[in-house]
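Remarks on the structure that follows.
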Amino acid sequence: MTTQWEAQDKVFLITGGASGLGAEYTKLFLEQGAKNVAVLDIAEDVGKTLVVSLNEKYPGKAAFFKCDVSKEENIKTAFQQVLDAYKKIDQGVVSFTLKGLDHMRKDKGGAGGTIINISSIAAIFRIPYIPIYCGSKIAVLHFSQCLAMSPVMDNTGVRILTICFGSTNTPLMQNVLERAIDPKASEIVLADTENSKFQKVESAVSALLTMFKEGELGSIWYSIKDKPVRDITLVVKRAFDEFENMWFSEP
Ligand SMILES: NC(=O)c1ccc[n+]([C@@H]2O[C@H](COP(=O)([O-])OP(=O)(O)OC[C@H]3O[C@@H](n4cnc5c(N)ncnc54)[C@H](O)[C@@H]3O)[C@@H](O)[C@H]2O)c1
Ligand SMILES: CCCCC[C@H](O)/C=C/[C@H]1C=CC(=O)[C@@H]1CCCCCCC(=O)O
């Protein structure tokens with residue numbers, strides 16, 4: 001029987017938590033009984049407005065911390081502010097893995113818990129008009145995959161999970177045509193955008209919750225087209241095993 005993880009009484013830290021999917025995870029974990037949720041985001045006004053509205057329903061449970069996750073100093077400062085406010089962080093969503101891991105790992109006095117990294121189908125599909133985005137998303141996937149391997153993670157008590165979402169209806173998907181790297185790409189983008197079935201935000205959020213409750217350390221999940229979330233760890237592992245076996249089989 002799979003262990004069921006619960007959000008009840010846990011402290012969450014969510015980067016990019018002011019809007020889009022991050023804001024929905026914030027709401028989700030409060031609904032699930034989180035003790036506190038720290039929302040980190042670069043967008044101060046949006047983040048503050050969100051926590052004001054959440055605190056009406058969950059008094060004192062949500063707080064906003066301004067943080068640009070592309071800046072190491074910002075991450076350090078925001079982390080310290082969250083720890084000063086809540087004393088610990090035991091669950092985190094997205095892109096702060098090494099800093100988060102350092103605070104959370106049991107072998108360094110942390111509370112253990114879960115780190116969820118948000119990847120994308122752009123990590124496992126080759127999409128020619130968004131190469132930088134694809135590169136960054138496979139980096140998230142591979143970073144998480146390597147980090148979760150034995151023996152490095154054996155004593156940390158931290159569960160690393162990764163999810164690959166397909167197109168999901170959030171602000172990220174607005175004005176996409178303007179963001180293709182090349183004007184020649186626009187037609188392909190348009191066709192792709194029209195053909196691809198954007199899933200509902202609720203489907204992505206429900207997928208994330210299932211993964212949070214059931215996911216094993218190092219597992220990788222796939223959520224597209226409003227379908228039930230799937231654990232794709234073995235599929236990804238098989239691909240990498242094949243390359244590694246090619247290397248090991250050479251004399
Ligand atoms: N929407 C999709 O189709 C989709 C699909 C797969 C993966 N994803 C991933 O899900 C995550 C959230 O996407 P979304 O669709 O909710 O996007 P979004 O644009 O709606 O929201 C992103 C949030 O991140 C914040 N942010 C941006 N740069 C930041 C920075 N440097 N520091 C701190 N905060 C920053 C923004 O202010 C915003 O609140 C992203 O990692 C995205 O790649 C989205
Ligand atoms: C030029 C954009 C074209 C988008 C159409 C594409 O079929 C959609 C891809 C989304 C599917 C999952 C994602 O993560 C993808 C989200 C893509 C977001 C791309 C942002 C790129 C950027 O602004 O740097």
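The first residue in the sequence is number 1, and the count goes up from there. All ligand and atom numbering here is 1-based and tracks the order in the structure.
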Could you list which atoms of ligand 1 come closer than 4.0 Å to a heavy atom of [X]?
X      : result
Ser119 : 6 (C), 7 (C)
Met173 : 3 (O)
Ile118 : 9 (C), 10 (O), 11 (C)

Which of these, [options], has its nearest heavy atom closest to [atom]?
atom                    : options                       : result
atom 42 (C) of ligand 1 : Phe198, Phe165, Tyr133, Tyr25 : Tyr133
atom 25 (C) of ligand 1 : Asp41, Ile42, Ile163, Asn74   : Asp41
atom 10 (C) of ligand 2 : Ser167, Ser120, Cys164        : Ser167

(Q) Using a 4.0 Å heavy-atom cut-off, which part of Lys137 comes near ligand 2: side chain, backbone, both, or neither? (A)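 Contact part for Lys137 vs ligand 2: neither.
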Q. Thinking salt bridges, do Arg238 and Asp241 make one under a 4.0 Å N-O criterion?
A.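 No, Arg238 and Asp241 are not salt-bridged.
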Q. Charged N to carboxylate O under 4.0 angstrom, Asp102 versus Lys108?
A.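 Yes, Asp102 and Lys108 are salt-bridged.
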Q. If you measure from NZ on Lys27 to CG on Leu50, what distance do you get to the nearest 0.5 Å?
A.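 Here the interatomic distance stands at 6.5 Å.
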Q | Numbered atoms and elements of ligand 2 in range of Phe165, under 4.0 angstrom, heavy atoms | A | 12 (C)
Q: Any atoms of ligand 2 less than 4.0 Å from a non-hydrogen atom of Tyr133? List them with their elements.
A: 13 (C), 14 (O), 15 (C), 16 (C), 17 (C)
Q) Which atom names give the shortest non-hydrogen contact between Phe64 and Ala43, and what distance separates them? A)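 Shortest heavy-atom separation between Phe64 and Ala43 comes out as CZ-O, 3.7 Å.
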Heavy-atom gap [X] to ligand 1 smaller than 4.0 Å:
X      : value
Gln199 : no
Ala204 : no
Ser136 : no

**Q.** Check: Phe29 ring centre within less than 6.0 Å of Phe212 ring centre
**A.** yes
Q) Where does Ala23 meet ligand 1, judged by heavy-atom distances below 4.0 Å: at the side chain, the backbone, both, or neither? A) neither
(Q) Please work out, at 4.0 Å between heavy atoms, whether the side chain, the backbone, both, or neither of Ala122 comes within that distance of ligand 1. (A) neither
Q) Heavy-atom count around Asp154 CG within 6.0 Å, excluding the residue itself: above 12? A) yes
**Q.** Within-cut-off N or O pair, Ser167 and ligand 1, under 3.5 Å
**A.** no
